[in-house]
Amino acid sequence: MTSKHLEVNGYNPINMKAHVFVSLKKTVLDPQGKTIHSALKKMGYQDIADVRQGKFFEVTLREGLDKTAANAEVERIAREVLTNPVIEEFQYRIQD
Amino acid sequence: MMRFGVIIFPGSNCDQDCHYAIESRAGQPAVMLWHESEDLQGCDAVVVPGGFAYGDYLRTGAIAKFAPIMQSVKRFAQTGGMVLGICNGFQILCEAGLLPGALMRNAGLKYVCKQVYIRTETTDTPFTHSLHRGEVLQVPIGHMDGNYFCDEPTLASLQKEERVVFRYSSPGGERTPEANPNGSLDDIAGICSPGRNVLGLMPHPDRSSESMLGSADGLKIFQAMVGALVRK
């Protein structure tokens, strides 16, 4: 049976995705962001006030997971694994 | 005799340097501890060596802290066991919460590999009790992420409790901006736990265990550990 047949039968095989953004806390100096900012200024981009560098994770959740459970799971891995709370903070969104 | 255990993670690359320094230079037996095992094999001290554990993917030490062997190292440290983390080992001990703070990207954004000088700030640890306060050691570094950072209350408690064990200095023991190779807060090269039984440092005592390597100063740290166990 192909996935097309499954959809017709009312089964939704689409996996939700979570987008997690990790960045250094505002109180932590970001030498990489500073270097990028200074390069941009030298290139003539005068409208840039600051640059902070971070990380982006696309996490694919298993089929059939409900949104509340997805939120809880993503929040937990972001807090316990994807960030080091000493220097980093995170934001995330669940994509439908 | 003191039995040392040296952990091997996938990506460790100083495990054999540590083994050599301990067995051939300090004259003590050393066993290798595989990351997937929880068995510390009855060791009296554990060394978390340098390298790039699990490729340093995600962050330095971020995956290594979940290894089965690290769960045993945590229990060992909590019951007073001696744990020495060198370079990547220091990064792993911070991630695992055995030491406070974090090691960030070097301020100059470059991998730095050179001989540095570190000043002994306290002799009240099993790793430095046989050194003199203010004694300068020549020890090499080789890292990209050695820029120690912690918040202000943590730094205040490290200072108050004399838990900054080594600071970068000039050969004469002066703290200067040039002597700090990576932008570390308060020139910190190494710190210990509240119980003083866990030491993490970025410079490599394992790569300075005999004069042929440029310096034999690092050997003093391994010898101090042996002496501390005998005293206990």
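Since the model is a prediction, treat every value here as computed from it, not as a measurement. In what follows, chains carry the letters A, B, and so on, assigned in the order in which the sequence lines appear, proteins first and then strands, with residues in each chain numbered from 1.
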- [ ] Begin from the C-alpha positions of B/Arg133 and B/Glu162 and carry the test salt bridge (Lys or Arg N to Asp or Glu O under 4.0 Å) through to its verdict.
- [x] CA-CA 12 Å; B/Arg133 197 186 174 99; B/Glu162 297 209 349; 3.4 Å; yes
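Taking the six-membered ring for Trp and the full ring otherwise, the centers of B/His19 and B/Phe4 sit at least 6.0 Å from each other.
Taking a cutoff of 4.0 Å between a charged side-chain nitrogen and a carboxylate oxygen, B/Arg175 and B/Asp186 qualify as a salt bridge.
Remark: B/Tyr148 OH to B/Leu103 CG distance equals 8.0 Å, nearest 0.5 Å. To the nearest 0.5 Å, the span separating SG on B/Cys14 from CG on B/Asn88 amounts to 8.5 Å. The CD atom of B/Glu135 lies 5.5 Å from the CG atom of B/Leu137; values are rounded to the nearest 0.5 Å.
For B/Ala107, the part lying under 4.5 angstrom from a heavy atom of chain A is the backbone only. Heavy atoms of B/Leu109 lying under 4.5 Å from chain A belong exclusively to its side chain.
Classified by interplanar angle (parallel below 30°, tilted 30° to 60°, perpendicular above 60°), the ring pair B/Tyr54/B/His35 is perpendicular.
For A/Glu73, the CD atom sits in a loose shell: 12 or fewer heavy atoms of surrounding residues, nucleotides or ligands are nearer than 6.0 Å.
Looking at B/Val164, B/Thr154, B/Leu155 one by one, the single match for side-chain contact (heavy atoms from CB on, under 4.5 Å) with B/Leu185 turns out to be B/Leu155.
Among residues 18-37 of chain A, the residues having any heavy atom closer than 4.5 Å to a heavy atom of chain B are, in sequence order, A/Leu24, A/Val28, A/Leu29, A/Pro31, A/Gln32, A/Thr35. Contact annotation for residues 62-77 of chain B against chain A (heavy-atom separation below 4.5 Å, listed by residue number): B/Lys65, B/Phe66.
Looking at heavy atoms from C-beta onward, B/Ser12 lies in side-chain contact with B/Pro49 at the 4.5 angstrom threshold.
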